Amino acid sequence: MTILLNKINEVKNNIKQWKREGLKIGLVPTMGALHKGHESLIKKAKEHCDKVVVSVFVNPIQFGPNEDYDKYPRTIEKDLDVCEKNGVDIVFSPSPSEMYGENNRLSNTDLTFVCPAYNIVDCMCGKSRPGHFDGVATVVLKLFNIVNPDFAFFGQKDAQQLFILKKMVKDLNLDLTIIQCPIVREDDGLALSSRNTYLNTEERKNALTINKALKQIEKIYSTGVKDTKVLFDSAIAVLDKNLELEYLEFRSFDTFEPVEEIQQNTLVAIAAKSGKTRLIDNIIIR
């Protein structure tokens with residue numbers, strides 16, 4: 001049976017008992033509004049671990065002042081049903097005051113933040129969302145300290161976040177393993193996201209060309225083309241003109257440095273707005 005806990009100490013008490021029993025613990029951090037992508041993470045956690053904790057927390061410190069924190073979907077009852085169906089042991093759904101204190105203003109003038117390496121943060125999603133990855137790294141480190149997992153599960157869709165968190169675990173000598181899980185897509189190819197619900201019919205139709213652009217890059221690359229300028233142009237030709245492209249970048253997924261020619265383990269990442277909804281997607285060329 002899945003239990004819902006809102007207090008840090010309640011979670012820690014359960015974890016201490018599990019650790020005494022020698023059980024392997026998995027953590028799936030989420031902001032709720034769970035979909036099949038989250039379910040795939042939970043299923044992977046169940047394969048690796050004896051006990052699984054899913055956090056459901058819309059983290060205020062990773063949202064900018066003009067972003068969608070207030071309207072971000074909050075569906076805790078539905079999320080609990082998803083977790084129950086998939087055999088989750090604990091859903092941890094704290095309030096912001098439980099995570100950051102009653103009297104804290106949510107900025108780094110009052111709170112201790114984790115600041116990832118600047119050369120990884122100041123690009124791609126970090127360029128248009130200043131402070132976002134500080135907020136992500138901070139809340140994830142807090143969750144790691146609260147749950148003390150052996151494994152934590154993150155999707156490839158948030159590739160920059162995934163790279164940053166893997167580096168944080170390595171750089172801060174954290175005793176856990178991050179498991180990278182593949183992107184889950186809807187039947188039409190759109191990468192699953194809680195924000196997909198914001199799209200109207202026309203915006204969704206336009207958004208489908210994001211994945212088509214990535215497939216075009218794979219297709220041209222398969223013919224022997226490695227020049228990223230050529231591949232970039234081939235993708236732009238496929239993207240719907242009504243999309244507002246934020247970036248389309250080619251980076252080594254070993255170092256996160258930009259590449260001019262496709263190499264082994266190259267990340268091809270894209271962000272674009274369809275209407276007012278910002279969407280991200282990527283492929284990793286092996």
Side-chain angles (χ1 to χ4, degrees), residues 1-62 74-102 111-112 114 135-156 158 161-162 164-182 184 194:
M1 187 179 82
T2 301
I3 60 172
L4 173 64
L5 299 178
N6 308 114
K7 300 296 183 182
I8 291 170
N9 283 340
E10 293 174 337
V11 176
K12 284 191 167 186
N13 288 338
N14 280 271
I15 298 300
K16 286 176 184 175
Q17 180 59 39
W18 292 345
K19 290 289 185 181
R20 282 194 291 268
E21 295 172 12
L23 300 176
K24 291 292 183 186
I25 299 168
L27 171 65
V28 181
T30 83
M31 292 205 300
L34 302 184
H35 49 63
K36 289 181 181 178
H38 297 111
E39 286 191 76
S40 73
L41 302 180
I42 293 169
K43 288 172 182 174
K44 183 65 71 172
K46 291 288 291 181
E47 290 175 13
H48 280 74
C49 306
D50 303 303
K51 297 289 186 179
V52 174
V53 178
V54 172
S55 62
V56 174
F57 179 58
V58 184
N59 177 36
I61 65 171
Q62 70 186 65
R74 292 162 170 83
T75 57
I76 188 62
E77 293 301 325
K78 175 178 171 291
D79 296 343
L80 281 171
D81 288 342
V82 171
C83 289
E84 181 79 51
K85 183 181 76 175
N86 286 280
V88 170
D89 298 280
I90 289 175
V91 172
F92 176 45
S93 184
S95 64
S97 60
E98 177 69 12
M99 287 296 279
Y100 298 118
E102 290 283 355
L111 289 171
T112 300
V114 178
V136 169
T138 300
V139 76
V140 170
L141 182 58
K142 286 177 70 69
L143 289 169
F144 287 170
N145 286 331
I146 293 165
V147 177
N148 192 17
D150 299 282
F151 301 94
F153 299 81
F154 294 89
Q156 181 190 309
D158 297 291
Q161 169 182 283
L162 177 64
I164 286 168
L165 295 177
K166 282 184 173 181
K167 183 169 172 57
M168 179 181 77
V169 165
K170 180 182 177 183
D171 290 352
L172 299 185
N173 306 109
L174 302 180
D175 191 17
L176 74 145
T177 301
I178 287 182
I179 305 294
Q180 175 179 329
C181 301
V184 177
S194 302

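Not measured: the values here are computed from a predicted model.
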(request) Rounded to the nearest 0.5 Å, what's the gap from CD1 on Ile76 to CG on Asp81? Could you check? (result) 10.0 Å
(request) With sequence neighbours left out, write down each residue that passes salt bridge (charged side-chain N to carboxylate O under 4.0 Å, His left out) with Lys78, or none if nothing qualifies. (result) none
(request) Take Leu165 and Ile178 through the side-chain contact (heavy atoms from CB on, under 4.5 Å) test and state the conclusion after the steps. (result) CA-CA 8 Å; Leu165 295 177; Ile178 287 182; 3.8 Å; yes
(request) Show your working on side-chain contact (heavy atoms from CB on, under 4.5 Å) between Phe154 and Gln180 and close with a plain yes or no. (result) CA-CA 5 Å; Phe154 294 89; Gln180 175 179 329; over 6 Å; no
(message) Tell me whether the count of non-hydrogen atoms from other residues, nucleotides or ligands lying under 6.0 Å of NZ in Lys36 goes above 12.
(response) no
All N/O donor-acceptor pairs, side-chain side in residues 86-95, below 3.5 Å, sequence neighbours left out:
residue, atom, partner, partner atom, Å
Asn86, ND2, Glu39, OE1, 3.0
Asn86, ND2, Val82, O, 2.8
Asp89, OD2, Val52, N, 2.8
Ser93, OG, Val56, O, 3.2
Ser95, OG, Ser97, OG, 3.0
Ser95, OG, Glu98, N, 3.1

(request) Provide the closest heavy-atom pair for Cys181 versus Leu41 in the form atom of the first, atom of the second, distance. (result) CB-CD2, 3.3 Å
Donor-acceptor pairs under 3.5 Å, side chain of residues 167-175 to any protein atom, not counting sequence neighbours: which ones?
residue, atom, partner, partner atom, Å
Lys167, NZ, Asp171, OD2, 3.1

(request) Mind listing the closest non-hydrogen atom pair of Val28 and Ala45 along with its distance? (result) CG2-CB, 4.0 Å
(message) Suppose the criterion is side-chain hydrogen bond (donor to acceptor under 3.5 Å, both in side chains): which pairs have a residue in residues 41-57, not counting sequence neighbours?
(response) none
(request) Check Pro29 against Phe153 and note the closest heavy-atom contact, atom names and distance. (result) CD-O, 3.7 Å
(message) If I take atom OG1 from residue Thr75 and atom CG from residue Leu80, how far apart are they, to the nearest 0.5 angstrom?
(response) 9.5 Å
(message) Run Leu34 and Cys83 through side-chain contact (heavy atoms from CB on, under 4.5 Å) and show every step you take.
(response) CA-CA 9 Å; Leu34 302 184; Cys83 289; 3.7 Å; yes
(message) Counting C-beta onward and ignoring hydrogens, is there a side-chain heavy-atom pair between Phe57 and Met31 closer than 4.5 Å?
(response) no
(message) Assess the residue pair Ile164 and Val136 against the criterion (side-chain contact (heavy atoms from CB on, under 4.5 Å)); give the C-alpha distance rounded to whole Å, side-chain angles, the decisive distance to 0.1 Å, and a yes or no.
(response) CA-CA 9 Å; Ile164 286 168; Val136 169; over 6 Å; no
(message) In the structure I gave you, are the side-chain heavy atoms of Lys19 and Ile25 within less than 4.5 Å of one another anywhere?
(response) yes
(request) Identify the two heavy atoms, one from Pro60 and one from Pro96, that lie closest to each other, and give their separation to 0.1 Å. (result) CG-CB, 4.2 Å
(message) To check you understand the geometry: which heavy-atom pair defines the closest contact between Ser194 and His38, and what is its length?
(response) OG-CE1, 4.0 Å
(request) Check the surroundings of atom CD in Glu21: do more than 12 heavy atoms from other residues, nucleotides or ligands lie under 6.0 Å from it? (result) yes
(request) Scan residues 5-15 for pairs that pass side-chain hydrogen bond (donor to acceptor under 3.5 Å, both in side chains), counting only residues two or more places apart or in two chains. (result) none
When the side chains of residues 137-149 are checked against the rest of the protein, which donor-acceptor pairs come out under 3.5 Å, sequence neighbours left out?
residue, atom, partner, partner atom, Å
Thr138, OG1, Val114, N, 2.8
Thr138, OG1, Asp134, O, 2.6
Lys142, NZ, Met99, O, 2.9
Asn145, ND2, Leu141, O, 3.4

